[in-house]
**Student:** 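I'd like to ask you about the structure that follows.
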Amino acid sequence: MKINNNGLDEMQKERRNSIGNQMFILMFYALLLDSGLYGAGIRWLKYPVNIMVIIMVCMCIYLIRTITSNAYLPPKVQSRKTIISLIIAIVFSVVLAIAAFNLFGNLSAQSAVEVANDNSVLILFIVSAVGLLISLIVAIIKKVNNKNDSDD
Amino acid sequence: MGKNLRIKTARAAKDMTQKDLADAVGVARQTMNAIEKGDYNPSINLCIAICKVLGKTLNQLFWEDDEYENQ
């Protein structure tokens, strides 16, 4: 008797929901604190970037905690080889980025950099890259540990 | 909540690994591991699925009573 469809199982759903709620509250209070600091005259980053950084950090924490509690992939996907699909996704992302840059041209990118006139783009890039790197490391460590924690 | 050794015993009697049992009921191996270790309380549907695969009753696997401890 199989109780599952193709999605996450009940324990995974429970953990993901719990983590999601916590991260939502964390993001809410971080944004509230940020707006308070902004009103008090403390500006640690320019306006759109501070919000983006807070959202990205919360998203990265959510991703990392979901991976560590084994609630990121459903059971059926875990048993499949995901290397090929990962490579396809990376190649597709790179092609999409190049195509978007070529389609929309250099004008929009150039004007965006000139308007921002600070390190906003670099900061956003670093935050997202560090988050993804940590997620990747956590996923690898988790995969290695999963082979040893079986209680058979 | 302590370890559920009765599931482990029933599983071993059927010569199944945690992965085999997890695949049979449609959950992740880590979920079965958490149930056996007592870290997670399964739903009644999952309990019934486990019982059907292992050929036991709910009482035999999940009821905490001396009467069913030795079965």
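Note on naming: letters A, B, ... go to the chains in the order of the sequence lines (proteins, then strands), and numbering restarts at 1 for each one.
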**Student:** When you group the ILVMFWY residues by side-chain heavy-atom contacts below 4.5 Å and let the links chain together, are A/V127 and A/W44 in the same group?
**Tutor:** yes
**Student:** Say you draw a straight line from CE of A/M11 to OG of B/S43; how long is it, rounded to the nearest 0.5 Å?
**Tutor:** 12.5 Å
**Student:** A/D9 pairs by side chain to side chain contact (heavy atoms under 4.5 Å, CB included) with which of B/V27, B/V25, B/L46?
**Tutor:** B/V27
**Student:** Heavy atoms only: give me the nearest A/P75-B/A28 pair and the separation to one decimal.
**Tutor:** CG-N, 3.5 Å
**Student:** Test: side-chain hydrogen bond (donor to acceptor under 3.5 Å, both in side chains). Region: residues 51-60 of chain A. Which pairs qualify, not counting sequence neighbours?
**Tutor:** none
**Student:** Could you give the distance from CD (A/E10) to OG1 (B/T31), rounded to the nearest 0.5 Å?
**Tutor:** 7.5 Å
**Student:** For B/I44, enumerate each residue passing the side-chain contact (heavy atoms from CB on, under 4.5 Å) test, keeping only those at least two apart in sequence or located in another chain.
**Tutor:** B/I48, B/L58
**Student:** Is the OH atom of A/Y38 crowded by more than 12 outside heavy atoms at less than 6.0 Å?
**Tutor:** yes
